[in-house]
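So you know, we letter chains A, B, ... as the sequences are listed, proteins then strands, and number each from 1.
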2 protein chains.
Amino acid sequence: MKYRHDMGDDERYAGGLDRILELVVLLNDDMTKSLAAQGLSVSRMTLLWTLRSLGPSPQRALAEALRVTPRAITGLVDGLVAGGLVTREPHPADRRATLVTCTERGTALLDETAGQQREFGRQLFAHMPVARFDALVAGLDDVLATLHGLGLVHQPGVTE
Amino acid sequence: MKYRHDMGDDERYAGGLDRILELVVLLNDDMTKSLAAQGLSVSRMTLLWTLRSLGPSPQRALAEALRVTPRAITGLVDGLVAGGLVTREPHPADRRATLVTCTERGTALLDETAGQQREFGRQLFAHMPVARFDALVAGLDDVLATLHGLGLVHQPGVTE
DNA sequence: CCATATCGTGACGGTACTTCATCATGTACC
DNA sequence: GGTACATGATGAAGTACCGTCACGATATGG
């Protein structure tokens, strides 16, 4: 039986959320800066990354994948083309559309970034006791599942 | 002794980092949208939030706190003034400077946002077993400490 | 063959951030 | 007291991202 609350549940939750939000701000910032060092932006990298998993795609498909308007894709692709990371090819079946395709430089850059992430993961977690790491991942999975449940997430294929 | 790795450490770390990054992207996005619903942007909200903890401040101080150029502050303050959330007052001691001050509308909006965060924290964590929640927070603290150690973080007062 | 939908993009507006130049003011030093 | 330099804020111009609206080119169904 408690005679006195050291901290109400709401306070505890707030503390947890604060930590998560600090992480969000910090890593978002770091992501932006790291990519800038490679001459990329988060948006362009997202597009490139999506492109690899989709394969050569018309811009319309990319717009849906990134959940932005087709107009935004035009601009992003422009930038990536200028950087030699993707090309615009004619769509073989639909002359209205263009197929955006990753170049070798594009995939090389993608691989390089993946390597950097690996290294970053090591720096973040290598010193942690296994139990703590596993508990962290379990907690994160829980939170992510909750977010999905709250409808905060956009799974491909789910019409809103 | 292990005869076979189910998963190398690097793979485990990568999985952990993936979850964190998914969270970063998701919450960053949600933050942006929630604030947009209140007619604010993340930058403006950050400024407002900083202003509350600093008290009335010259724009220069805000520039350092947000780690952007003074010129960027001019624009953000312009927007907040237009929204009636802050005012520009003359600095009593330095006629070059202006003191940015939070209005009542500003603090009201800040309080409202804090309430929404509380509610969000409840939605995220209320269903979690206490042990899992605590372990998550411990893991997050560990990660945050590591990030600080990596010099990824800008504590006020630390000259780089 | 024609109406309608779709693909991509030009034009335009909004936000955020930068650098550089400028003006007003503060400050230090002779 | 006056001159030189530092500092606060902002105008101008440039980059990047995103949105809406309009439009031309093409596809497609009746």
Minimum-distance nucleotide (side-chain atoms of A/Q59 versus C/dT18, C/dT15, C/dT9):
C/dT9
Which whole-number value in Å describes the distance from B/L66 CG to C/dC17 P?
8 Å
Report the C-alpha separation of B/L76 and B/L66 in whole Å, then their side-chain angles, then the decisive distance to 0.1 Å, and conclude whether the side chain to side chain contact (heavy atoms under 4.5 Å, CB included) test is met.
CA-CA 11 Å; B/L76 294 176; B/L66 300 205; 4.3 Å; yes
A/F120 and B/Y13 aromatic centres sub-6.0 Å
no
Regarding A/L76, tell me which of base, sugar-phosphate or nothing describes its non-hydrogen contacts under 4.0 Å with the strands shown.
sugar-phosphate
With sequence neighbours left out, what residues match A/T87 under side chain to side chain donor-acceptor pair (under 3.5 Å)?
A/E89
Respond yes when some side-chain nitrogen or oxygen of B/R60 is under 4.0 Å from OP1 or OP2 of C/dG26, and no when none is.
no
Rounded to the nearest angstrom, tell me the gap between atom CZ in B/R44 and atom P in C/dC17.
10 Å
CE of A/M31 versus C1' of D/dC17: gap in Å, rounded?
15 Å
Kindly say if B/R96 contacts the phosphate of D/dT7, meaning a side-chain N or O under 4.0 Å from OP1 or OP2.
no
Atom pair distance, as rounded to whole Å: CG in A/L47 and P in C/dG8
12 Å
Smallest separation among heavy atoms of B/H127 and B/L124, with atom names:
CE1-O, 3.1 Å
Would one find a side-chain N or O of B/T98 under 4.0 angstrom from OP1 or OP2 of D/dA9?
yes
The residue, B/S43 or A/S57, whose nearest nucleotide of DNA chain C is more 5′ is A/S57
Please state whether the phosphate of C/dT18, meaning OP1 or OP2, lies under 4.0 angstrom from any side-chain nitrogen or oxygen of B/T69.
yes
For the side-chain hydrogen bond (donor to acceptor under 3.5 Å, both in side chains) test, which of A/H91, A/R88, A/E64 pairs with A/Q59?
A/R88
Can you measure A/K33 atom NZ to D/dA16 atom P for me and round it to whole angstrom units?
19 Å
To the side chain of A/P70, which of C/dT9, D/dG8, C/dC7 is closest?
C/dT9
Ignoring backbone atoms, test whether A/R95 places a side-chain nitrogen or oxygen under 4.0 Å from the OP1 or OP2 oxygen of D/dA27.
yes
Ignoring backbone atoms, establish whether A/T74 has a side-chain N or O less than 4.0 Å from OP1 or OP2 of C/dG8.
no
Classify A/R71 by what it touches in the nucleic acid, base, sugar-phosphate, or nothing, heavy-atom distance under 4.0 Å.
base
With a non-hydrogen cut-off below 4.0 angstrom, is B/P58 in contact with a base, only sugar-phosphate, or nothing?
sugar-phosphate
Taking atom P of C/dT25 as reference, at what distance in whole Å does atom CG of B/D94 sit?
10 Å
Once you round it to whole Å, what is the distance between P of D/dC18 and CG of B/L35?
17 Å
Interatomic distance, A/E64 CD vs D/dC18 C1' [rounded to whole Å]:
17 Å
